Amino acid sequence: MSQLRGRFQKNADKKAAEYTASIPFDWRLYPYDIAGSIAHARMLAKQSIISPDESQIIIEGLTDIRKEIEQGIFQFKTELEDIHMNIEARLIEKVGEVGGKLHTARSRNDQVALDLRLFTRQAIRGTLARLRDFEQSLVDLAEANQEVIIPGYTHLQRAQPVLLAHHLLAYFEMIQRDCSRFKDCLKRADVLPLGSGALAGVSYNIDRDFLARELDFPQISQNSMDAVADRDFVIEYEAAAGICMMHLSRLAEEIILWSSTEFSFIELDDAYATSSSIMPQKKNPDITELVRGKTGRVYGHLIALLTTMKALPLAYNRDLQEDKEGFFDTVDTLLSSLEVLTGLISTLRVKAETTALAAAQGYALATDLADYLVKKGETFRHAHDIISRLVNYALTQDKSFSELSLKEYQEVSPLFKDDVYSITVESSLTARDNTGGTAPARVAEALSRAGDIIRGDKESSEN
Ligand code: ARG
């Protein structure tokens, strides 16, 4: 019979027990549950709520249980509902009655809140490390292709030439914002809830500051009811993960486009591409399609938890158990997406000749020609008009700008002189020489700044 059947005359119905159990997924909280219980046992002894010997026996029992789980010999039982009860029952089985003292001055409500916060803290550390690796792969690819020019797009129409490095560094900026969101989430996750009891606090002389020190929490929660009912930190992680997946998905989409025959800007490494079961000529970008596809379920988990929580009265309600599967899946999906994308970015090959050609085509220098006329005294609006006519004319002649004669230029504006031919893709890039612009000198600066930021982040995470 389950340990929690106290005043009941019957065992739980099998289907009902399966329905309510969380052990199939919350087993993975075990390292946090055990770390929390060890700190709790120490605190109980320090406060003379249990004896030092009892505390020692409990701690040794918990340490053994951790080994059993790590070795895969621990028997998880559905009838024991969740990870907390599974570990406690095994503790009592191993060390006897004294094991029953561990749950003094504690409830599963503050226990699960603690476990989840410890898990979140670890998840954020792991996420930040993966984000850094991913940023490094973007910077490495940009550095290895510093001269590569591609068409920049608006409305997916060729707009103005840019450096590939500039395009890649746009993603570096997005990922930097993601890092800052996860760090911010950590501040609010890093609060000790233990000591809140079921909801009202506990009637023992506990030492919460000691617990916070033991478990390395910089803060302790200030309201017991909030502490057992709060899952904001999970929602914040899921929101940050949703935004981050949106960024990865946008890059994934570009990689899908760029690797198509139509664009042909890049070629994926064989190790990061898939073949078709029927069409032998195909090299498919399935990884990036899956990154794009999995973004949907990460958004879904955020909405699911917000919906679960929107009408919950204080304090703990069992609905809160629904926080876990979506959260775990969010972390797993984000980390694996980052990992494979990092590998894919690190190994792809850029086809610089195709991109250079594409950057020069499609009248991508039209803005530069308008700017040329502005420098000769035309208003920008008027210049825009003149160049529109020039584009129309060139289209009828099936000529590129560089193929037009000076006479043809001068037909639309007498301001055109021989120096119009010095407007090239390169001059267009060099001209965009402001902070944040695509001029090669600016991009070189941005690259070295990005490298510094990654190194700085790495150092600060190590101490
Ligand atoms: N498995 C539960 C959860 O994930 C643990 C807390 C149970 N508390 C309770 N009062 N039934 O939320």
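In listed order, ligands and their atoms are each counted from 1. What you are looking at is a predicted structure, and each value in this text was computed from that prediction instead of being measured. Below, each value reflects all heavy atoms present in this structure, side chains not excepted, and no hydrogens, waters or symmetry copies.
- Remark: minimum distance from atom 5 (C) of ligand 1 to any protein heavy atom is reached at D82 OD2, 3.5 Å.
- Looking at S22 next to ligand 1, an N or O pair under 3.5 Å apart turns up.
- Heavy-atom distances between H84 and ligand 1 reach below 4.0 Å in at least one pair.
- The nearest protein atom to atom 8 (N) of ligand 1, hydrogens excluded, is given as N109 OD1, 3.0 Å; this is a heavy-atom distance.
- E214 and H40 share no donor-acceptor pair across their side chains, judged by distance under 3.5 Å alone.
- A cation-pi arrangement is absent between R28 and F119, since the terminal nitrogen or guanidinium carbon is not both under 6.0 Å from the aromatic centre and inside a 45° cone about the axis.
- Between the OG atom of S249 and the OH atom of Y299 there is a distance of 6.0 Å, given to the nearest 0.5 Å.
- Stacking of R121 on the aromatic ring of F217 is recorded, both the 6.0 Å distance cut-off and the 45° axial limit being met.
- For ligand 1, the polar-atom distance check finds an N/O of Q321 within less than 3.5 Å of one of the ligand's N/O atoms.
- Aromatic ring centres of F182 and Y237: separated by under 6.0 Å.
- Ranking protein heavy atoms by distance to atom 12 (O) of ligand 1, first place goes to Y316 OH, 2.4 Å.
- Proximity of a side-chain donor or acceptor of T347 to a complementary backbone N or O of G343 within less than 3.5 Å is detected.
- Within the cation-pi definition used here (under 6.0 Å to the ring centroid, within 45° of the axis), R66 does not qualify as a partner of Y30.
- Counting heavy atoms under 4.0 Å from ligand 1, residue Q111 does not touch it at all.
- K324 counts as a contact of ligand 1, since one of its heavy atoms falls under 4.0 Å from the ligand.
- Annotation: atom 11 (N) of ligand 1 to nearest protein heavy atom, R108 NH2, 3.5 Å.
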